Peer 1: 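Right, I'll just put the structure down here and ask away after.
Given the structure is predicted, the values throughout are model-derived calculations rather than measurements. Numbers here simply count residues along the sequence, with the first being 1.
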Amino acid sequence: MSEPLQVHDIPTDDLTRQTELFLRAFNSGDHATIERMYSPDAVSVWKPGEEPVAGDARRANVAEFLAMGVPMRARTKGIYVNGDTALLIVDWAIKGTSRTGEEVDLAGVGTDVMRRGRDGRWRYIIDNAYGGSDA
């Protein structure tokens, strides 16, 4: 069992821990911690073929996935860094029965663009859950 997430852990200054920390927050339903992982101007695509959304729409997408109550599995396939910008390639899957009794079977290859802030910590600026998948 892993240690509880601490406020000082999020966002992280270690990209190799990003996926692990996101999973821990996601699988515990901790929306506030997930939000600390995003830059205020971040955009996301949480459904294949949709346009990127920001602000309240982005937060609503996260809340919708958390509301299912189905754990996510993920593994980082690649980390590419150029200065204060990084690209993470992440295989992920959400499979199981939701809180409402519906079967959930979602998976993709995420492409996540991160930016390192002045505090040295990495935050999502583009979170494309299906970026490496066929739309």
Peer 1: Looking at every heavy atom in both V43 and A54, which two are closest together, and how far apart are they?
Peer 2: CG1-CB, 3.8 Å
Peer 1: At their closest point, which heavy atom of S98 faces which heavy atom of V104, and how far apart are they?
Peer 2: CB-CG2, 4.0 Å
Peer 1: Start with the C-alpha distance between S44 and V53, add both sets of side-chain angles, then the distance that settles side-chain contact (heavy atoms from CB on, under 4.5 Å), and finish with yes or no.
Peer 2: CA-CA 5 Å; S44 66; V53 296; 4.2 Å; yes
Peer 1: Can you spot which of T111, L106, V45 makes a side chain to side chain contact (heavy atoms under 4.5 Å, CB included) with Y130?
Peer 2: L106
Peer 1: Which label fits W46 and F26: parallel for a plane angle under 30°, tilted from 30 to 60°, or perpendicular past 60°?
Peer 2: parallel
Peer 1: Which pair of non-hydrogen atoms, one from L66 and one from G29, has the smallest distance, and what is that distance?
Peer 2: CD2-CA, 4.1 Å
Peer 1: Could you check if a side-chain atom of R59 sits within less than 4.5 angstrom of a side-chain atom of V62, using non-hydrogen atoms only?
Peer 2: no
Peer 1: Nearest 0.5 Å, what's the CG-CD distance between D112 and Q18?
Peer 2: 7.5 Å
Peer 1: Does atom CD (E51) have a neighbourhood of more than 12 heavy atoms from anything else shown, all under 6.0 Å?
Peer 2: no
Peer 1: Please report the interatomic distance CG(N27) to CZ(R73), rounded to the nearest 0.5 Å.
Peer 2: 10.5 Å
Peer 1: Calculate, to the nearest 0.5 Å, the distance between atoms OG1 and CG belonging to T33 and L21 respectively.
Peer 2: 10.0 Å
Peer 1: When rounded to the nearest 0.5 angstrom, what is the spacing between NZ in K77 and CZ in R75?
Peer 2: 6.0 Å
Peer 1: Are W122 and L88 side-chain neighbours, meaning at least one heavy-atom pair lies under 4.5 Å?
Peer 2: no
Peer 1: For A86 and V81, work out which heavy atoms get closest and say how close.
Peer 2: CB-CG2, 4.0 Å
Peer 1: Would you say M114 and M37 make side-chain contact, with heavy atoms under 4.5 Å?
Peer 2: no
Peer 1: Below 4.0 angstrom, N of the basic side chain to O of the carboxylate: do D84 and R115 qualify?
Peer 2: no
Peer 1: Distance check, rounded to the nearest 0.5 Å: F65 atom CZ versus H31 atom NE2?
Peer 2: 12.0 Å
Peer 1: Side chain of W92, backbone of M72: donor and acceptor closer than 3.5 Å?
Peer 2: no
Peer 1: Nearest 0.5 Å please: distance from the CZ atom of R121 over to the CZ atom of R116.
Peer 2: 12.0 Å
Peer 1: Mark yes when over 12 heavy atoms from residues, nucleotides or ligands other than N82 sit less than 6.0 Å from its CG; otherwise mark no.
Peer 2: no
Peer 1: The criterion is side chain to side chain contact (heavy atoms under 4.5 Å, CB included); which residues satisfy it with T76, sequence neighbours excluded?
Peer 2: T19, I79, V90
Peer 1: Decide whether D41 and S39 meet the rule of one side-chain donor and one side-chain acceptor closer than 3.5 Å.
Peer 2: yes
Peer 1: At their closest point, which heavy atom of A25 faces which heavy atom of I34, and how far apart are they?
Peer 2: CB-CG1, 3.7 Å
